[in-house]
Structure formats: C-alpha cells, structure tokens
Amino acid sequence: MRNIIRKNRSLLNCLLLFTLLSGCFLIIVSVPAYKYNKPIGYEEVDDEILEFDEEFFWGAATASYQVEGGNIYSNWWRFEQEEGNIKNGDTTEVAVDHYDKYREDIDLMEEMGLNSYRFSIEWSRIEPEKDIFDYNEIEHYRDVIDYLNEKDIEPMVTLWHHSLPIWFEDQGGWEKENSIEDYLNYVEYVVSNLDDEVEFWITMNEPMAYITCGYISSKWPPAKKEYIKIPKLVSNISNAHKQAYGVIHNLDPDAQVGLAEHSSYVVPYHEKNVIENIAAYAIDKTWVHYLINQVHEELDFIGVHYYYKQSIDISLAKDVLTKSPQEIENQSLDRSYYPQGLFEVLMRFKDYNIPIYITEIGVPDYHEIDRDQFIREHAVQVYYANKSGADVRGFYYWSLLDCFEWTEGYDAKFGLISVDMETQERTVKGESWEYADIAKCNCVENY
Ligand code: BGC
C-alpha cells in the first residue's frame with residue numbers, strides 16, 4: 001500500500017514539475033515573442049506629397065524562366081512536361097518571349113519612367129551541360145544589359161531564380177556538397193564576363209521558398225518530401241552564397257552583392273494568444289530570418305520580398321495529422337493585403353544595418369485591391385520605414401510582364417504590362433501609369 005502511495009506521489013511530483021517547467025518555458029519564450037510581434041507603427045505626417053531620396057530605384061522585376069521561353073535545359077522544363085504539374089497544362093515553350101522582345105519591354109520601362117530592372121540569368125542556358133559553357137548566351141545577356149545601360153536603367157541581376165540546370169538536379173542538386181563548387185563555377189563565368197557592366201548582383205532568389213516547395217509541399221521540382229534534408233540544403237545554399245560573395249568581390253571589389261528572400265508579415269491570428277505568438281515568432285525567425293542571419297556578414301544589401309500578411313491560427317493545428325502540407329498552407333494561413341505589414345517587415349530587417357531593396361512586391365489582377373492603390377499604399381509605407389531609420393533604396397514591382405507563374409501557369413497575372421498570348425502584343429495596363437507617375441516624380445501622394 002505504502003509503495004502504491006509512494007509511486008503515485010512521485011508521479012504527481014513529476015506531473016507538477018512538468019507543468020511548472022512548461023509554464024516557465026512558455027513565459028520565457030512568450031516575452032520576446034510578444035515584444036517582437038507588437039506592431040511598431042509610426043506617426044503620420046501632414047505632407048500631401050512624400051518625397052524619396054534622389055538615388056531611389058523605382059523598378060520592375062522578372063525571372064528568366066518565367067518570361068524568356070524555350071529554356072529546355074532547365075529542371076522546370078522537364079517538370080512542366082509531366083501531365084498535371086502545371087495548371088491548364090501551360091508550358092513555357094514561348095512564355096512571353098522576353099528573350100526576343102527584351103528591347104520592346106525595356107522601351108516600355110523607359111516610357112514608364114522606371115530607372116532599374118531586376119531580371120535573372122538562366123543558369124541552364126549558360127551551362128546546359130556540366131562544365132560546358134555557352135558564350136553565345138553571355139552575349140545575349142550582354143545585349144540586354146547594354147540596352148538597359150543605354151536607356152539609363154540600372155540592371156540588377158539575379159544569378160539563380162528557382163530554375164536549375166537538369167544536370168545539376170540529377171546529380172543531387174543542393175543536397176550534395178559539390179553543388180557549391182558547381183554553382184561557384186557558374187557564378188565566376190557569368191560575373192567575369194559581365195562585371196564591367198553590372199554593379200548589382202543577387203546571388204539567389206528566395207532559397208527558403210525553393211526548399212519549402214521542392215522538399216516539403218513537393219509542388220515544385222525536385223518534388224520530394226524529405227524534411228530530413230532541410231538542414232543540409234540550408235547549409236549548402238548559405239555556404240554557396242557566402243563563397244559567391246567572395247568570388248564576385250574578387251572579380252569586382254565595387255560590386256554590390258545581395259540575396260533576395262521571401263518575407264511576409266507573420267503575426268498571431270489572435271493578438272493575445274500565447275501559443276500563436278510563440279508560433280508566429282518562431283516561423284518568422286526560421287523561415288524568414290534564419291538564412292539571412294547565416295549570411296548577413298556577406299551581404300552588401302538585402303533583397304526583401306513582400307506580398308501579404310500571414311496570420312497564424314493555432315486552432316487549425318490539428319489538421320497537421322490529417323491534411324497535406326499544401327492544404328494546410330492554403331487554409332491555415334490567412335494571407336491578406338496589408339500595406340502596414342510592409343512597414344513592420346522593413347523594421348524587422350532594419351536591425352541588420354544593411355541597405356534594403358524591396359526586390360519584389362506585387363499583386364495579381366484578380367485581387368480585392370486595384371494595382372494602383374496597392375502600389376501607392378505600399379510606397380507610402382516605404383517612406384515611413386525610411387523616416388523611421390530603415391535604409392530602403394529601391395522598390396521593384398513584381399512583375400514587369402504577365403508571365404509564367406510556376407505551377408499556376410499563366411493564370412496569375414501580376415504584370416504591369418499584359419501580353420496577348422497569341423500575338424505576344426504588349427499593353428501597359430491602365431493602372432500601371434500611376435506607378436509610372438510615382439517613378440517619374442520620385443514621390444507618392446499621401447492620402
Ligand atoms: C517569386 C516569383 C513569383 C512571385 C509571385 C515570388 O516569390 O520570386 O518568381 O512569380 O513570387 O508569386
């Protein structure tokens with residue numbers, strides 16, 4: 001009897017200790033979480049017009065695979081050949097033919113008063129087979145860059161934007177240590193051939209999105225579900241960036257080298273909920289900031305992407321057991337238009353003390369909000385972020401053209417310019433002229 005009482009008492013003690021420790025843990029973690037999640041906000045100014053720094057870039061962005069057409073050596077090309085992978089069976093055989101029509105597109109940018117263009121170089125064009133480089137493709141990109149420089153539009157060049165050469169994926173992609181050396185060979189080849197004309201380089205676009213979609217939700221190539229590989233991928237990719245930073249600076253000490261990362265304004269759905277506060281904090285610190293933290297000493301600037309606010313609603317956590325990551329992503333994250341979120345996100349990035357370029361921000365046609373209002377309201381937030389100490393030097397609307405939106409095909413139209421898919425005729429969308437006005441006056445109306 002005594003033994004049973006003793007046993008129960010020690011079980012009770014264990015339970016008490018566990019509850020006490022969990023309580024302490026929650027209190028300890030929730031303090032920084034609440035602090036972090038609390039909106040910073042700003043005091044509004046009365047000025048009717050908000051002006052930006054003279055050197056500010058008002059630009060637009062694209063990525064090679066989404067606009068060029070005919071990138072047959074890319075892993076995405078192979079992926080899109082498999083039935084069911086891309087909505088409506090869309091393909092990039094021609095895409096929006098930016099490869100041939102880049103002059104026309106740059107002319108339209110000039111007409112809109114944009115002073116910078118962020119675009120990417122297609123690795124699979126430059127190096128269609130391992131160690132076989134195609135100089136003709138370098139010449140193509142040199143022509144694009146020459147034409148931009150002729151028009152006084154500053155090129156900002158991304159070296160890897162989601163699409164990878166087939167040979168690279170087949171040898172294990174970023175999972176393998178030798179991926180770093182292969183990537184550096186490519187970077188060195190491109191930069192040594194183009195560094196006389198380009199100052200701004202982005203080594204990679206949204207590596208965490210690549211990892212999430214390629215290895216967790218498995219909706220992008222290599223379409224794996226191998227969570228276990230995430231630490232290795234993050235480590236190889238961040239080391240690749242760090243070393244690429246060195247390679248580029250060795251070739252051109254004056255180069256500005258950055259990395260572009262996806263961000264959203266991650267917040268708890270219920271402001272006071274402890275678990276949601278901790279979860280939102282943890283998600284922001286890992287998916288948005290972990291990689292940047294690894295590489296921030298090798299960054300001359302940070303490319304920040306902002307599209308929406310993501311509210312974390314823990315009442316949906318039970319679905320983890322029954323639904324796919326994709327279903328959970330679609331349903332549990334309340335993604336909404338929220339310009340003030342851009343201000344808050346920029347204040348989070350401000351703490352790195354590195355110049356910031358918003359290298360992507362945009363909205364598709366079917367959204368609740370008109371594009372001109374979307375752009376104006378977000379530009380106002382950039383003004384306030386700068387006034388509050390952030391060093392934001394550019395705003396690149398995503399995207400210049402309606403284009404191939406990965407698995408969504410051509411349905412999601414983010415462009416400033418629409419493209420007739422039959423004739424490839426370009427038309428600047430009516431509301432894009434408001435962005436043109438902002439770019440031309442380097443200012444935004446404050447209402
Ligand atoms: C990607 C683009 C994509 C855009 C809109 C960004 O995260 O870098 O390639 O088209 O989002 O979804």
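For ligands, and for the atoms within them, numbers begin at 1 and follow the listed sequence.
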Which ligand 1 atoms does Phe414 reach within 4.0 Å, using its non-hydrogen atoms? 5 (C), 12 (O)

Per-atom contacts, ligand 1 versus Asn205 - under 4.0 Å to a heavy atom: 8 (O)

So which heavy atom in the protein is nearest atom 5 (C) of ligand 1, and how far is it from that ligand atom? Glu405 OE2, 3.3 Å

Students should be able to answer this: which protein heavy-atom is nearest to atom 8 (O) of ligand 1, and at what distance? Glu360 OE2, 2.8 Å

Among Val444, Val382, Ile438, which one satisfies side-chain contact (heavy atoms from CB on, under 4.5 Å) with Leu50? Val444

Do ligand 1 and His305 have nitrogen or oxygen atoms that lie under 3.5 Å from each other? no

Side-chain donor or acceptor of Ser263 paired with backbone N/O of His305 under 3.5 Å: yes

Going by an N to O cut-off under 4.0 Å, is there a salt bridge joining Glu137 and Arg142? no

Given the options Asn239, Asn236, Thr203, Tyr183 meets side-chain contact (heavy atoms from CB on, under 4.5 Å) only with Thr203

For atom 4 (C) of ligand 1, find the nearest protein heavy atom and state the residue, atom name and distance (0.1 Å precision). Tyr307 OH, 3.3 Å

Give every residue pair that meets the disulfide bond (SG atoms under 2.5 Å apart) criterion with at least one member in residues 406-447, sequence neighbours excluded. Cys441-Cys443

So for Glu408, does at least one of its heavy atoms come nearer than 4.0 angstrom to any atom of ligand 1? no

Should you measure from each heavy atom of His161, which atoms of ligand 1 turn up under 4.0 Å away? 1 (C), 2 (C), 8 (O), 9 (O)

Suppose we call two aromatic rings close when their centres sit under 6.0 Å apart. Are His262 and Tyr306 close by that rule? no

